[in-house]
Amino acid sequence: MFFLSGLNETNNHRFTLFFLTLLCYCVILLVNISVIVIIIMDKNLHEPMYIFLCTFCMNSLYGTSAGFYPKLLWDLLSPVHVISYSGCLVQAQVIASFVCADLSILSVMAYDRYVAICRPLEYHSVMSRQKLIMLVCYSWMTPFLIVAANMFLTSRLKLCSPYITRFFCVNWAIVKIACFPAETAVNSIGTYITMIIYFLHGIFIVLSYIYLIKTCADSIENRAKFMQTCVPHLISLLIFLVTILFDVMIIRFGSKDFPQAFKNFVAIEFLVIPPLINPLIYGFKLTKIRNRILVVVTVKN
């Protein structure tokens, strides 16, 4: 059994925080499920770009629903914030694989846009049904297995403290309370390998969009296509990187110098802002989805 810290200072405002958190969670569910249902129900949206977007929204539901919000809502109403050992490992697995899968999905989206804009005549042959299934499986299964390998290494450690320094479980917080720091060397290697893998994903995305920008500069048609379909991806990538960077900086450089409320906010940014904002960005920016939403709203009225 682990005791989670971070919510001890919220007792005076826990009901307010509970309702705000519940509202945020409900909005995340609403916007993501809406995009998923629209894409599934409309056969005109059964194209690779929209399938990847559907995968993106499903991953947001996976990370927020399976890994975070239900436990947080429970803890906000509970006087004691505890989690079982196995529950902590599962939560750390879900949250980490959600983050890695987000970057994987953004990378396959970048590849899809590269083929659509730079090789339009070959698009349907390159992005075949088999290729699409392979990319979707890659974007989900690879992060899950990589993170699972890291969690397996963590599960082998002997731990000497029941106190987790966050109000939700992450791998580094569990490794930090190992009895013998020398035994965590393998965990550090696994973490560095994972970071390198997803750093390369980030480089691939950036290079893809640099090439796309150069390609689109000479064509009005390609520029319009880029603004319509690629800008939402770039905004999603920027939001993702900024939220993760803030969290890493607080962990690495200033964990003790900030109030607990600020550290809590930074810690959960990547579980609040991207799942909430990304479906809205795509819903308003992508014409087919926006038109479909307008049709549904008009019919209801």
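Because only heavy atoms are used, hydrogens play no part in the values below, and waters and symmetry mates are left out as well, while side chains stay in.
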Looking only at heavy atoms, what is the nearest atom pair of A110 and S208, with distance?
CB-CB, 4.1 Å
Do you know the tightest heavy-atom contact between V126 and R119?
CG2-NH2, 3.6 Å
Would you say the side-chain atoms of H46 pair up with the backbone N or O of I40, donor to acceptor, closer than 3.5 Å?
yes
Taking Q91 for its side chain and I83 for its backbone only, find out whether a donor-acceptor pair lies under 3.5 Å.
no
Classify the side-chain pair N187/T154 by whether it contains a donor and acceptor separated by less than 3.5 Å.
yes
Examine distances only and state if a side-chain atom of S65 and a backbone atom of Y62 form a donor-acceptor pair shorter than 3.5 Å.
no
Hey, are the side chains of I51 and L45 touching, using non-hydrogen atoms and a 4.5 Å cut-off?
no
For I164, does its backbone N or O pair with a side-chain atom of S5 as donor and acceptor, under 3.5 Å?
yes
The single option from L271, L73, V94 that satisfies side chain to side chain contact (heavy atoms under 4.5 Å, CB included) with F68 is L271
How far apart are the closest heavy atoms of L103 and Y198, and which atoms are they?
CD2-O, 3.2 Å
Does CE belonging to M195 count more than 12 external heavy atoms closer than 6.0 Å?
no
Hey, does M109 have a side-chain heavy atom less than 4.5 Å from the side chain of L135?
no
Verify side-chain contact (heavy atoms from CB on, under 4.5 Å) between H201 and S104, making sure each step is shown before the conclusion.
CA-CA 7 Å; H201 278 62; S104 290; 3.7 Å; yes
F199 meets the ring pair (Phe, Tyr, Trp, His ring centres under 6.0 Å) criterion, sequence neighbours left out, with none
For the pair F98 and F270, name the ring-plane relationship: parallel under 30°, tilted 30 to 60°, perpendicular over 60°.
parallel
Please determine whether residues F3 and W74 belong to a single hydrophobic cluster, defined as Ile, Leu, Val, Met, Phe, Trp and Tyr linked transitively by side-chain heavy-atom distances below 4.5 Å.
no
Between A92 and N171, which heavy-atom pair has the shortest distance, and what is it?
CB-N, 3.9 Å
Under a 4.5 Å side-chain heavy-atom rule over Ile, Leu, Val, Met, Phe, Trp and Tyr, are I203 and V242 clustered together?
no
Linking I/L/V/M/F/W/Y whenever any side-chain heavy atoms sit under 4.5 Å apart, do L276 and L20 land together?
no
Sidechain-backbone polar pair: N32 side chain, P275 backbone, donor-acceptor under 3.5 Å:
yes
Answer yes or no: is there a donor N or O on one side and an acceptor on the other, between the side chain of S78 and the main chain of H81, under 3.5 Å?
no
Could you check if a side-chain atom of I193 sits within less than 4.5 angstrom of a side-chain atom of N150, using non-hydrogen atoms only?
no
Quick check: do K131 and Y111 have side-chain heavy atoms less than 4.5 Å from each other?
yes
Where is the tightest heavy-atom contact between Y69 and I28, given as atom of each residue plus distance?
OH-CD1, 3.6 Å
Regarding Y85 and S155, is there a side-chain donor-to-acceptor distance under 3.5 Å anywhere?
no
Scan for disulfide (SG to SG under 2.5 Å) pairs involving residues 20-64, sequence neighbours excluded, and state none if there are none.
none
Greater than 12 external heavy atoms within 6.0 Å of F144's CZ
no
Does a donor on one side chain sit under 3.5 Å from an acceptor on the other, for D42 and Y50?
no
Going through the distances and angles, do I39 and V35 end up as a side-chain contact (heavy atoms from CB on, under 4.5 Å)?
CA-CA 6 Å; I39 292 172; V35 171; 3.7 Å; yes
Counting C-beta onward and ignoring hydrogens, is there a side-chain heavy-atom pair between Q93 and F152 closer than 4.5 Å?
no
Taking it one step at a time, do L207 and Y211 satisfy side-chain contact (heavy atoms from CB on, under 4.5 Å)?
CA-CA 6 Å; L207 292 178; Y211 187 80; over 6 Å; no
Any donor-acceptor pair under 3.5 Å from T142 side chain to S139 backbone:
no
Whether N278 side chain and P274 backbone form a donor-acceptor pair below 3.5 Å:
yes
I'd like to know whether V147 forms a side-chain contact (heavy atoms from CB on, under 4.5 Å) with C100, so could you lay out the CA-CA distance, the side-chain angles of the two residues, the decisive distance to 0.1 Å, and finally the verdict.
CA-CA 8 Å; V147 174; C100 293; 4.1 Å; yes
Where do I174 and L89 come nearest, in terms of heavy atoms and distance?
CD1-CD2, 3.9 Å
Can you check whether F2 reaches S161 side chain to side chain, under 4.5 Å on heavy atoms?
no
side-chain contact (heavy atoms from CB on, under 4.5 Å) with K158: which residues, sequence neighbours excluded?
C179, F180
